[in-house]
Protein chains: 2
Amino acid sequence: MEPPAPQRRVTIVDVARHAQVSTTAVSKVLRNAYGASPEMRAKVRRAIDELGYRPLAAARGLRGQTYTIGVMLPDIRNPFFPEILDGITGHLADTDYQVFLGPGGCNDEQAEARVTDAMIDRGMDGIILIAPVSSRARLEHIASAVPAVVVGRHGHSAVYDTVTDDDMAGASLVVGHLAGLGHRRIAHIEHRETDATRRAEMPNAQRADGYRRAMQAIGLAEEIDVVSTSYTQQGGYEGARQLLARPRRPTAVFAGADIVAMGVLEAVAEAGLSVPGDISVAGYDNTTFASFGPISLTSVDQAGHDIGGNAARLLLERIADRQKTSVQVKLSPMLVPRRTTAAPQA
Amino acid sequence: MEPPAPQRRVTIVDVARHAQVSTTAVSKVLRNAYGASPEMRAKVRRAIDELGYRPLAAARGLRGQTYTIGVMLPDIRNPFFPEILDGITGHLADTDYQVFLGPGGCNDEQAEARVTDAMIDRGMDGIILIAPVSSRARLEHIASAVPAVVVGRHGHSAVYDTVTDDDMAGASLVVGHLAGLGHRRIAHIEHRETDATRRAEMPNAQRADGYRRAMQAIGLAEEIDVVSTSYTQQGGYEGARQLLARPRRPTAVFAGADIVAMGVLEAVAEAGLSVPGDISVAGYDNTTFASFGPISLTSVDQAGHDIGGNAARLLLERIADRQKTSVQVKLSPMLVPRRTTAAPQA
DNA sequence: CACCGCTTGGGCAACGTTACCCAAATTCGC
DNA sequence: GCGAATTTGGGTAACGTTGCCCAAGCGGTG
């Protein structure tokens with residue numbers, strides 16, 4: 001018993017035959033290339049529709065373009081990334097490009113390499129790296145193989161463009177907000193960073209620096225108090241425990257990320273203290289759950305959609321001209337005050 | 001001024017020349033195919049490493065395989081999907097396959113079609129569709145073009161495998177839990193479904209059915225109370241407002257999804273009622289935020305990791321044998337009681 | 001009328017890989 | 001020690017698309 005005809009895919013040759021033209025002509029129509037009359041175009045398009053033809057990306061890839069753009073996400077769980085992604089897909093919606101996401105395995109440098117290599121192997125036309133943890137050299141290596149845009153790294157490179165949030169300014173907003181409410185003992189929980197280059201480029205480090213500068217700027221240098229853990233719920237919990245054990249307890253905690261703030265809230269509740277009564281808490285990223293009623297976390301909103309849109313725009317520009325000089329876009333964040341911050345108790 | 005040599009990619013021919021063997025031999029080594037001696041393998045591998053050669057997926061695709069698997073996610077925001085994804089990538093980690101995610105644009109049938117078509121055009125070796133909203137016919141169409149596994153649809157098809165959570169049982173767990181605490185007036189908020197086929201296949205409908213059956217089974221048929229909105233925060237908020245306006249207010253609300261429960265909590269707080277004192281609330285999916293301290297939502301945990309693992313396994317089996325009879329896997333969910341449910345007030 | 005430039009269409013050779021074949025060398029069975 | 005079977009390696013023709021080139025036709029110009 002035979003399988004019922006393995007049904008070959010319709011190719012450009014079938015279309016050409018059906019429309020009684022050459023394959024070259026069909027190819028020209030597909031790519032909106034020069035050298036095809038309106039009548040020709042119409043005829044070919046009709047044949048394409050009648051046969052339900054779709055160009056095979058692999059074959060196109062062998063000749064150059066795949067019409068595919070890769071986006072590397074280090075961690076799909078981070079609720080901030082979808083915003084960026086929407087910005088990207090929105091900008092690319094009416095182009096011929098299709099976006100695929102590469103799951104970068106939670107901040108793991110090796111997993112990142114695997115995914116980016118896979119994207120290059122698949123001949124993707126360009127890639128967007130979101131908050132990569134890879135080394136500088138590695139990023140430049142990638143960018144030399146394929147047009148690339150890096151999101152969320154402050155370093156400046158000649159071969160790739162960058163789009164970032166102004167984390168320094170964001171931290172400043174938080175400190176300003178808390179100080180404005182009357183707080184003086186404002187502590188910060190940061191993500192520990194050991195590597196020197198990354199210290200300069202990663203957003204977490206910028207937030208910590210921004211915190212320090214802002215504290216100094218408003219005359220609270222004496223009160224600077226930074227705990228180094230990690231940007232996880234656990235990290236927030238541990239950081240808060242340390243802060244709560246201080247002889248002079250801080251009256252406000254600026255957590256470097258919303259997820260960290262979740263851990264802080266837990267530790268605070270466990271210590272029998274109330275928020276914002278006994279202690280104010282602010283996060284960063286304005287993730288979806290920050291707005292949930294029972295949480296209602298004061299946070300900093302990065303213009304995720306704009307970040308994504310700009311990244312896509314720059315990538316298209318770079319695909320069009322690989323030699324163009326690199327661009328750095330820095331967008332301004334916004335403070336979203338909610339119910340976890342209030343004036344300190346008298 | 002010349003650009004500094006456009007650096008051609010290393011190809012299989014370069015490797016063959018460098019190792020002084022034929023391209024066929026190199027290809028055999030790459031694919032672990034039959035017909036290459038151990039010495040040959042060693043020699044070729046050395047050459048590969050020395051040149052840093054990586055096979056071009058596009059060229060492979062033209063000959064059949066791309067070693068790429070596509071996963072369609074209808075909504076990256078849904079915090080339940082990462083679990084599934086981990087299960088998939090975990091299962092595929094030590095194979096040669098690479099996973100790429102297609103962003104399916106929030107429950108939009110057309111966007112889904114665009115992504116799945118794109119995957120087929122790119123010659124992907126297999127695709128996993130997570131909670132697709134597309135019609136039955138469309139799913140079968142896809143599955144006839146490429147090996148496919150559908151996750152989160154209860155329908156049975158001959159051409160694709162399915163992996164689902166036993167939503168009926170999950171709903172039963174919630175009702176049982178609440179009834180066990182002493183509740184009788186247990187209401188449910190469901191996602192409105194108009195299409196008939198989907199009513200039978202979609203998890204949301206199964207949860208609603210499971211709720212009804214469970215209520216009947218324990219003699220609470222009289223108390224069945226279902227509000228139809230949507231699986232969104234807004235839907236939960238509106239649903240809860242309706243329920244709270246009832247002359248006999250329910251003492252417990254079973255929300256069809258965690259995000260719905262968030263809306264419920266908000267409406268309840270707004271009405272000046274307390275949880276679980278005045279009203280108990282349960283969700284479904286056990287998403288990350290359900291466990292956050294200030295929320296602590298009773299929910300149902302689907303074995304996301306197992307779902308993903310099974311989906312990947314079935315897909316590999318189907319890739320190996322496209323004619324094999326289809327399989328349906330149904331996994332059992334687990335109740336996770338937290339602080340939003342308690343005995344009703346006397 | 002010779003010449004030029006432009007438009008329209010097609011022929012052909014890649015692109016990098018693998019499936020299918022065949023040839024030579026080696027081992028096995030008796 | 002001879003034919004048969006098995007192992008090992010290579011030659012070659014696709015796979016579907018596009019970039020480069022060329023040819024024919026056409027209108028305008030000097």
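Since we're looking at a predicted model, the values are computed, not measured. Each chain gets a letter, A, B and so on, in the order its sequence line appears, and its residues count up from 1.
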Ser27(B)-Arg31(B) side chain donor-acceptor pair, cut-off 3.5 Å: yes
Spatial distance of atom OH (Tyr160(A)) from atom CD1 (Ile127(A)) [nearest 0.5 Å]: 12.0 Å
Distance, nearest 0.5 Å, that separates NE2 of His154(A) from CG of Asp165(A): 7.0 Å
Any donor-acceptor N or O pair under 3.5 Å, side chains Ser134(B), Glu112(B): yes
Exercise: do Thr116(A) and Arg138(A) side chains pair donor with acceptor under 3.5 Å: yes
Salt bridge (Lys or Arg N to Asp or Glu O under 4.0 Å) partner of Asp161(A), chosen from Arg318(A), Lys330(A), Arg153(A): Arg318(A)
Straight-line distance of Thr164(B) OG1 to Ile307(B) CD1, nearest 0.5 Å: 7.5 Å
Touch class at under 4.0 angstrom, heavy-atom based, for Ala33(A) against every strand present: nothing
Leu315(B) side, atom CG; Asp125(B) side, atom CG - distance, nearest 0.5 Å: 9.0 Å
Short side-chain donor-acceptor distance under 3.5 Å, Arg122(A) and Thr68(A): no
Bounds of contact between DNA chain C and chain A, in 5' to 3' order, using a heavy-atom cut-off under 4.0 Å: dT7(C) to dG16(C)
Glu83(A) side chain to His305(A) side chain, donor-acceptor N/O pair below 3.5 angstrom: no
Divergence of helical axes at both termini of the helix from dC1(C)-dG30(D) to dC30(C)-dG1(D) - five pairs an end, 10° steps: 40°
Contact letters for nucleotides 16-23 of chain D, in which S counts primed atoms plus P, OP1 and OP2 and B counts the base, heavy atoms under 4.0 Å: BBBB----
